[in-house]
Participant: 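Quick one: this structure, given as structure tokens, is what I'll be asking you about.
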Amino acid sequence: MAVLWIFSETTASTKELLGLGRELISAVGGSITVLMGPDGEGREEWAAYGADEIILLPPLADGLAMEAHIPVIAAAAAEEKPDIILLPATARGREMAPRLAQRLDTGLCSNCVAVRWSGGDIEMDRVVYGGAAIQTVKFLTRPVMATVAPKTFSPPVPEEGRSARLRELPPLAAGTVPGVRIVEKREKRRLARDLTQAKVVVAAGRGLEKKEDLALVEEVASLVGGEVGCTRPLSEELHWLPTELCIGLSGVSVKPDLYIGVGVSGQVQHMTGVRGAKVIAAVNRDENAPIFAQADLGIVGDLYEALPKLITALKK
Amino acid sequence: MPHIVVCFKWVIDETYLRRAPGGGLDFSSVDYKLSDYDRNAIEEAVRIRTALGGTVTGITVGPPEAAKGVKDALSRGMDAGVFIADPAFVDLDPSQTVSLIAQAVRNHVGPFDLIICGEGSGDLYAQQVGPRLAEALGIDCVAFATQISLEGGTLTAQRRLEGVIEVVTAPLPALVTVLPEINTPRIPGVKDTLMAGKKPVRTLAKGDLGATGGPRLQTLAVRAAAMERACEKFGVEEAEVIRFVDALKKRGVLA
Ligand SMILES: Cc1cc2nc3c(=O)[nH]c(=O)nc-3n(C[C@H](O)[C@H](O)[C@H](O)COP(=O)(O)OP(=O)(O)OC[C@H]3O[C@@H](n4cnc5c(N)ncnc54)[C@H](O)[C@@H]3O)c2cc1C
């Protein structure tokens with residue numbers, strides 16, 4: 001029997017964590033608790049998705065960020081001793097989880113990509129050395145804590161007719177108020193489409209000479225019904241494309257049917273984000289570029305020669 | 001004038017990792033480097049000191065060989081280093097690293113205004129030391145900053161979250177972790193390297209600090225990530241490109 005807690009700020013990641021949670025709990029029995037902000041928005045759904053209990057956190061004063069929930073969650077966890085606590089590996093989760101783990105004096109597996117039971121212990125996999133290796137860990141302390149890589153686990157199939165207990169946590173009697181205050185919040189421009197859901201991704205790399213040449217990559221992408229992504233130098237150094245389109249360790253992971261890297265060398269930090277692609281293709285003029293060792297198909301040649309021909313061939 | 005503490009780590013350069021027969025990792029030809037993310041942390045500390053005055057103290061935990069990393073970090077403009085060294089300080093649990101750094105900061109570094117950490121380390125990338133250290137020292141924490149400034153005892157930071165940018169303030173002392181886009185780290189010149197050798201480094205041994213507690217996680221295995229695929233290569237001539245498109249269609253990934 002195990003008691004599993006989930007804290008997440010978005011509906012999508014709560015569903016993914018419930019998917020993982022149900023998989024874990026169904027193997028050993030136990031219950032799942034979802035902790036959420038005081039408005040309880042969307043909580044009706046959680047029972048169907050596998051929550052047995054919903055805990056509403058006390059309201060936060062104006063200007064306080066989500067992290068201000070840490071003292072209350074830590075105190076409740078210290079008192080109730082859940083076996084497992086999961087958070088999403090979003091920016092917020094990656095800040096809150098280690099802070100909670102420190103308060104609970106326990107171990108944390110960051111950005112876990114696979115989970116399994118092994119003889120009564122939980123084992124988790126995570127990506128290390130810039131994507132070159134996978135580390136498997138087990139936990140020597142309780143609670144077991146992890147942040148879970150987004151889009152790694154599927155939401156469970158909802159089951160109608162399930163219900164969840166509801167309870168509220170009171171504010172801490174002698175809580176210290178954190179000093180961090182939000183003074184401004186800006187929504188980032190939402191991209192029209194989601195790279196992580198695309199069936200085909202065409203990634204532009206440093207092999208492009210100038211920003212205007214992205215038009216070639218965009219044309220290939222539109223002909224195959226795909227989206228354009230890029231390597232980090234294009235988004236972070238040249239600022240030709242928004243950060244959201246950077247694929248890899250410090251960007252997003254994609255799982256398309258087809259990935260085509262154009263003028264991409266194939267460094268591990270980028271390739272770790274495309275490993276899930278069914279077919280990996282490359283266009284690169286250097287036949288010794290590392291990407292060819294990690295691709296299924298590759299055109300060895302200048303992209304300025306290859307892409308126009310590719311566009312013609314695709315139009316046929 | 002602010003006293004800024006920067007944390008950094010001397011890590012395996014993953015470029016030299018090879019897959020060993022049997023799927024493990026071959027560390028035989030590895031080299032080490034100053035973790036890339038920490039270069040941004042150091043640069044940011046030095047940038048603030050250049051603007052406001054004050055001092056930058058760098059701190060690291062590692063085996064004696066990491067002395068090279070201390071020198072590398074000093075060549076990037078820090079004023080002084082604290083090196084917590086022991087042959088056993090390899091692959092520590094983040095909680096153990098934090099315990100050592102927190103003790104050193106409390107007992108050997110003196111009052112500080114700001115601690116800057118990289119967003120994670122380039123090797124194990126657990127992204128835990130920064131946020132855990134803030135808790136251990138009981139100070140405010142702002143993670144994943146893309147811009148920071150100090151004024152009148154207050155930190156102002158812009159941080160990047162999914163779908164939203166938040167600008168936050170926090171009273172000093174505080175801890176901030178920074179994203180690579182915050183700056184472009186300098187490349188130290190010969191003069192910087194020579195000067196680094198003259199800067200003060202305080203080395204702390206295991207015995208100078210208290211216990212850290214045991215590890216909280218146990219590593220069961222580290223396997224090379226399976227990346228190799230059998231690449232079919234094509235030329236750039238028209239017929240070859242058509243053959244390439246046909247091959248994609250055959251695999252059912254093109255409509
Ligand atoms: C801690 C850390 C995290 C990182 N995270 C990421 C990440 O998340 N995502 C990421 O992408 N990178 C990341 N990087 C950077 C990564 O290591 C590489 O530097 C980057 O992916 C290289 O981008 P690139 O392939 O576009 O450029 P390059 O490595 O410069 O490669 C350009 C390629 O284009 C080819 N080329 C040049 N001209 C032509 C032409 N005319 N026709 C055809 N081919 C041509 C060249 O042969 C070369 O192979 C990270 C690095 C570090 C240290």
Side-chain angles (χ1 to χ4, degrees), chain A residues 65 90-92 94-95 98-99 102-103 106-110 123 128-141 178-188 224-225 236 250 257-258 268 271 275 278-280 292-302 305-306 309-310 313-314, chain B residues 12 14 17 25 93 95 98 122-128 131-132 134-136 140-144 160-171 180-181 214-225 227-229 231-236 238 241-242 244-245 247-248 251 253-255:
Chain A
T90 53
R92 195 86 76 183
R94 288 179 290 142
E95 172 175 346
R99 293 177 58 187
Q102 186 68 17
R103 287 187 182 228
T106 195
L108 166 69
C109 172
S110 304
E123 285 181 12
V128 293
Y129 298 120
I134 309 289
Q135 175 190 30
T136 303
V137 297
K138 77 171 206 187
F139 295 80
L140 304 175
T141 50
V180 177
R181 289 286 178 289
I182 301 177
V183 293
E184 192 189 335
K185 227 173 167 156
R186 291 198 295 272
E187 299 287 320
K188 276 191 278 186
V224 296
E236 307 305 303
S250 27
D257 290 340
L258 172 63
V268 61
M271 297 309 284
R275 191 180 295 144
K278 249 185 237 153
V279 172
I280 296 180
F292 287 123
Q294 305 164 65
D296 303 286
L297 307 165
I299 294 179
V300 183
D302 195 307
E305 215 178 308
K309 287 179 187 163
L310 187 58
L314 287 169
Chain B
I12 284 178
E14 68 285 343
L17 281 177
L25 278 185
D93 197 275
S95 61
V98 161
D123 52 356
L124 301 182
Y125 197 55
Q127 302 186 301
Q128 294 184 26
R132 276 185 185 261
E135 292 293 325
D140 281 305
C141 175
V142 178
F144 309 119
R160 200 176 80 205
L161 306 166
E162 284 73 17
V164 45
I165 309 262
E166 272 181 11
V167 181
V168 300
T169 57
E181 68 193 68
R216 275 63 164 177
L217 295 185
Q218 180 189 342
T219 297
L220 299 172
V222 179
R223 286 170 290 112
M227 305 271 260
E228 285 80 11
R229 299 186 184 215
C231 187
E232 189 183 343
K233 286 188 184 166
F234 299 81
V236 75
E238 197 182 323
V241 174
I242 291 171
F244 172 79
V245 171
L248 289 177
R251 290 181 190 236
V253 291
L254 278 192

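Order of the sequence lines sets the chain letters (A, B, ...), proteins ahead of strands, with each chain counted from 1.
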Participant: Between the main-chain N or O of A/S110 and the side-chain N or O of B/Q127, is there a donor-acceptor pair closer than 3.5 Å?
Facilitator: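 Judged by distance alone, no pair lies under 3.5 Å.
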Participant: For the interface with chain B, which of A/S250, A/G225, A/A132 has the highest count of heavy-atom pairs at distances below 4.5 Å?
Facilitator: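 With the most close heavy-atom pairs to chain B, the winner is A/A132.
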Participant: If you count heavy-atom pairs within less than 4.5 Å of chain B, which of A/T141, A/T90, A/I134, A/V128 leads?
Facilitator: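 Among A/T141, A/T90, A/I134, A/V128, the one with the most close pairs to chain B is A/I134.
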Participant: CG of B/L220 to CD of A/E123: how many Å apart, nearest 0.5 Å?
Facilitator: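 The CG atom of B/L220 sits 5.0 Å away from the CD atom of A/E123.
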Participant: Heavy-atom pairs under 4.5 Å with chain B - which of A/A91, A/A293, A/G131 has more of them than the others?
Facilitator: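 Most heavy-atom pairs within the cutoff with chain B belong to A/A91.
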Participant: Can you list the steps and then say if B/V142 with A/V180 is a side chain to side chain contact (heavy atoms under 4.5 Å, CB included)?
Facilitator: CA-CA 8 Å; B/V142 178; A/V180 177; 4.1 Å; yes
Participant: Side chain to side chain contact (heavy atoms under 4.5 Å, CB included) for A/L310 and B/V245? Distances and angles first, verdict last.
Facilitator: CA-CA 8 Å; A/L310 187 58; B/V245 171; 3.5 Å; yes
Participant: What part of B/P215 gets within 4.5 angstrom of chain A, counting heavy atoms only: side chain, backbone, both, or neither?
Facilitator: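 Both backbone and side chain.
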Participant: Can you list everything that forms a salt bridge (charged side-chain N to carboxylate O under 4.0 Å, His left out) with A/R94? Sequence neighbours excluded, please.
Facilitator: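 Testing A/R94 for salt bridge (charged side-chain N to carboxylate O under 4.0 Å, His left out), a comparison that skips the adjacent residues, returns none.
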Participant: Where on B/L17 is there a heavy atom nearer than 4.5 Å to chain A: the side chain, the backbone, both, or neither?
Facilitator: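 Contact with chain A: side chain only.
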Participant: Which value, rounded to the nearest 0.5 Å, describes the distance between B/I165 atom CD1 and A/E187 atom CD?
Facilitator: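 Answer rounded to 0.5 Å: 10.0 Å.
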Participant: Between B/V236 and A/D302, is there a side-chain heavy-atom distance shorter than 4.5 Å?
Facilitator: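 With C-beta onward as the side chain, the pair stays apart.
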Participant: Under 4.0 Å between a Lys/Arg side-chain N and an Asp/Glu carboxylate O for A/R99 and B/E135?
Facilitator: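 Yes, charged N to carboxylate O under 4.0 Å.
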Participant: Below 4.5 Å, heavy-atom pairs only: which of B/V98, B/L161, B/T169 has the largest tally toward chain A?
Facilitator: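 Of B/V98, B/L161, B/T169, B/T169 has the most heavy-atom pairs under 4.5 Å with chain A.
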Participant: Is B/R251 close to chain A through its backbone or its side chain, or both, or neither, when contacts mean heavy atoms under 4.5 Å?
Facilitator: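 Looking at B/R251, just its side chain touches chain A.
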Participant: Which atoms of B/A134 are under 4.5 Å from chain A, going by heavy atoms: the side chain, the backbone, both sets, or neither?
Facilitator: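 Nothing of B/A134, per the 4.5 Å heavy-atom cut-off to chain A.
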Participant: Heavy-atom distances under 4.5 Å only: say whether B/D93 touches chain A with side chain, backbone, both or neither.
Facilitator: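 For B/D93, there is no contact with chain A at all, as no heavy atom is under 4.5 Å.
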Participant: Between A/E95 (side chain) and B/A143 (backbone), is there a donor-acceptor pair under 3.5 Å?
Facilitator: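 Between the backbone of B/A143 and the side chain of A/E95 there is a qualifying donor-acceptor contact (under 3.5 Å).
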Participant: Who among B/R216, B/R160, B/E232 has the most heavy-atom pairs with chain A under 4.5 Å?
Facilitator: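 It is B/R216.
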Participant: For chain B, which candidate among A/I182, A/L314, A/D257 shows the most heavy-atom pairs at distances under 4.5 Å?
Facilitator: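 Going by pairs under 4.5 Å, I would pick A/I182.
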Participant: Assess whether side chain to side chain contact (heavy atoms under 4.5 Å, CB included) is satisfied between A/R186 and B/V167, documenting all intermediate values.
Facilitator: CA-CA 8 Å; A/R186 291 198 295 272; B/V167 181; 4.2 Å; yes
Participant: Under a 4.5 Å cutoff for heavy-atom pairs, which residue among B/V222, B/V241, B/I242, B/L217 has the most contacts with chain A?
Facilitator: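 Top option by heavy-atom pairs under 4.5 Å: B/L217.
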Participant: Which region of A/R103, side chain (C-beta onward) or backbone (N, CA, C, O), has a non-hydrogen atom less than 4.5 Å from a non-hydrogen atom of chain B, or is it both or neither?
Facilitator: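 Interface part for A/R103: side chain.
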Participant: Output the option from B/R132, B/K233, B/E14, B/Q128 having the highest count of non-hydrogen pairs under 4.5 Å with chain A.
Facilitator: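 Going by pairs under 4.5 Å, I would pick B/R132.
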Participant: Is it the backbone or the side chain of B/L25 that comes under 4.5 Å from a heavy atom of chain A, or both, or neither?
Facilitator: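 Only the side chain of B/L25 comes within 4.5 Å of chain A.
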Participant: Against chain A, work out which of B/C141, B/S95, B/A170, B/A247 has the most heavy-atom pairs shorter than 4.5 Å and name it.
Facilitator: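 With the most close heavy-atom pairs to chain A, the winner is B/C141.
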Participant: Considering non-hydrogen atoms only, spot the tightest contact between A/F292 and B/C231 and give its length.
Facilitator: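 Reported closest heavy-atom pair: O-CB, 2.9 Å.
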Participant: May I have the step-by-step check of side chain to side chain contact (heavy atoms under 4.5 Å, CB included) for B/F234 and A/V300, ending in yes or no?
Facilitator: CA-CA 6 Å; B/F234 299 81; A/V300 183; over 6 Å; no
Participant: Can you list everything that forms a side-chain hydrogen bond (donor to acceptor under 3.5 Å, both in side chains) with B/R229? Sequence neighbours excluded, please.
Facilitator: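 Here the qualifying residues are A/D296.
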Participant: Would the number of heavy atoms belonging to other residues, nucleotides or ligands and lying under 6.0 Å from CD of B/E238 be above 12?
Facilitator: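 For B/E238, atom CD is not crowded (no more than 12 foreign heavy atoms under 6.0 Å).
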Participant: Examine whether an atom of A/E305 lies under 4.5 Å from a heavy atom of chain B, and if so say whether it belongs to the side chain, the backbone or both; otherwise answer neither.
Facilitator: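 A/E305 touches chain B through backbone and side-chain heavy atoms alike.
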Participant: Relative to chain B, which segment of A/A306 carries a heavy atom at a distance below 4.5 Å: side chain, backbone, both, or neither?
Facilitator: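 For A/A306, heavy atoms of backbone and side chain both lie under 4.5 Å from chain B.
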Participant: Measure B/F144 against the heavy atoms of chain A and call it side chain, backbone, both or neither at under 4.5 Å.
Facilitator: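 Contact with chain A is through the side chain of B/F144 alone.
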